Amino acid sequence: MAINLAILGATGAVGQELLRLLEARALPLGELRLLASPRSAGRQLQFRGETRTVQAVSPESFEGIDVAIFSAGGGTSREWAPIAASKGACVIDNSSAWRMDPEVPLVVPECNLEAGRARPKGIIANPNCSTIQMVVALKPLHDAAGVKRVVVATYQAISGAGARAIEAFQEQCRAAANGEAVDPGPLKGQLAQNLLMHWSVDEASGYQEEELKMVHETRKILGDESIQVSPTAVRVPVLHAHSESLTIELGRPMDAAEARTLLAAAPGITLVDDFAAGAYPTPLTAAGTDPVYVGRIREDVGNPGGLQMWVVSDNLRKGAALNAVQIAEGLFA
Ligand SMILES: NC(=O)c1ccc[n+]([C@@H]2O[C@H](COP(=O)([O-])OP(=O)(O)OC[C@H]3O[C@@H](n4cnc5c(N)ncnc54)[C@H](OP(=O)(O)O)[C@@H]3O)[C@@H](O)[C@H]2O)c1
């Protein structure tokens, strides 16, 4: 059955990746509507060799639509997702607006696709990009031995902050190389030759909201409120693909060989794990590809029985667009 699909945020970093994925994948498409704010109305985008015109979102945009993938920020989702759902569309939302709503399933197909079938609000939430790649890697270990605690440090790419952030970073590099003053712009600081931590901050805890998303979303997706997550999120001067260092404590001791066997058999994961030979995942090799790459699987020298590993994935693909398309394929195709 062909699916009538709308993309809200079609002009953005995730929206553009969605179009590239839909061109290449087998999801049977009927009508495809490209939506954005009035700023981009009339802009022309290419899809499968045809020119498509972007429309400003309106209530009529969702008439006759089966699935609406939203990638347009939390405020836009809060405003438009109930409208789209009231027209009969299933909204798959990339923003953080609905993720912790108890009536909205938070879905990573490798972990809990079936949760997406019960959606009283007509909305399915896509998790945060850093959470998605982490839970894909944790899931087989959790099923085998129960994840008790994860200490995670992220090394997050600029494209995670949207299309304008990429342009701003390129301008920052040029200015820094020429000894000119650097405009912080949407990156909220100089990332050229630097690292930043500047997502919005939860004043009570001192954590960044990006970090707290990893705590709460991990528990919801894996269905286990007892999992402890200790996160630190860092923006690095890399264009695409987030990297994460994970230190994991399980319900029973697990050696690296068993972890490697479990991870190698798990869906969505590609092992790149021959560190002695120089083989480990990097953002450059992950960018533009679909898998969650796992490498440097090793027994934790600081906590016998625990594990450490390195997880890299393209934030625009598995961290956003691909996960949304996989939900649509899994539930509607
Ligand atoms: N980037 C990632 O790696 C990533 C990963 C996971 C989740 N997400 C989430 O996905 C969403 C989009 O991220 P992005 O990186 O693609 O951002 P982006 O590059 O800044 O794109 C934002 C998109 O939203 C549209 N938009 C903004 N305000 C709107 C409004 N009031 N009404 C209708 N459309 C509006 C923009 O349209 P105009 O062209 O008209 O401005 C543009 O198409 C965010 O919620 C983000 O948190 C992003």
Side-chain angles (χ1 to χ4, degrees), residues 6-21 33-45 52-62 68-81 83-84 91-99 106-108 123-136 154-169 185-187 199-200 208-210 213-214 217 233 235-236 238-244 283 286-288 292 312-327:
I7 298 176
L8 178 56
T11 53
V14 175
Q16 295 288 289
E17 198 63 44
L18 271 166
L19 288 176
R20 279 190 284 276
L21 275 169
R33 271 179 225 163
L34 306 184
L35 309 171
S37 79
R39 284 183 298 273
S40 295
R43 196 171 143 191
Q44 303 211 307
L45 299 175
R52 307 282 182 129
T53 303
V54 176
Q55 302 165 22
V57 63
S58 72
E60 294 70 43
S61 306
F62 302 104
I69 301 182
F70 277 36
S71 300
T76 309
S77 285
R78 271 186 288 277
E79 179 182 356
W80 288 100
I83 296 171
V91 175
I92 302 175
D93 182 37
N94 270 306
S95 82
S96 59
W98 303 96
R99 289 179 190 150
L106 183 63
V107 175
V108 176
I123 302 168
I124 297 172
N126 228 27
N128 176 262
C129 41
S130 307
T131 308
I132 292 178
Q133 66 186 70
M134 182 169 81
V135 295
V136 169
T154 72
Y155 305 67
Q156 294 184 222
I158 301 153
S159 55
R164 282 179 56 237
I166 296 175
E167 288 166 24
F169 174 71
L187 290 162
W199 286 270
S200 45
Q208 304 174 81
E209 284 178 7
E210 183 80 2
K213 288 173 190 171
M214 298 183 80
E217 293 177 19
R235 179 85 66 205
V236 298
V238 164
L239 283 187
H240 301 293
H242 292 350
S243 306
E244 295 176 350
V292 171
V312 182
S313 192
D314 188 323
N315 50 294
L316 292 176
R317 288 218 162 205
K318 186 57 190 164
L322 175 64
N323 200 68
V325 170
Q326 287 173 324
I327 292 170

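Read the numbers this way: they start at 1 and go in the same order the structure lists the ligands and their atoms. The model shown is predicted, which means the values in this text are computed figures rather than measured ones.
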When rounded to the nearest 0.5 Å, the distance separating CD1 of I166 from NE2 of H240 is 4.5 Å
Salt bridge (Lys or Arg N to Asp or Glu O under 4.0 Å): which pairs involve residues 8-18, sequence neighbours left out?
-> E17-R20, E17-R317
Output the set of protein residues with a heavy-atom contact under 4.0 Å to ligand 1, ordered first by chain identifier and then by residue number.
-> L8, G9, A10, T11, G12, A13, V14, A36, S37, R39, S40, V57, S71, A72, G73, T76, N94, S95, C129, S159, G160, G162, A163, N315, L316, G319, A320
Answer whether the closest heavy-atom distance between the side chains of T53 and L34 falls below 4.5 Å.
-> no
Note, M134 side chain near M214 side chain (heavy atom, < 4.5 Å) | yes
Under the salt bridge (charged side-chain N to carboxylate O under 4.0 Å, His left out) test, residues paired with R235 that sit two or more places apart | none
Within residues 126-136 or reaching into it, pairs that qualify as salt bridge (Lys or Arg N to Asp or Glu O under 4.0 Å) - sequence neighbours excluded = none
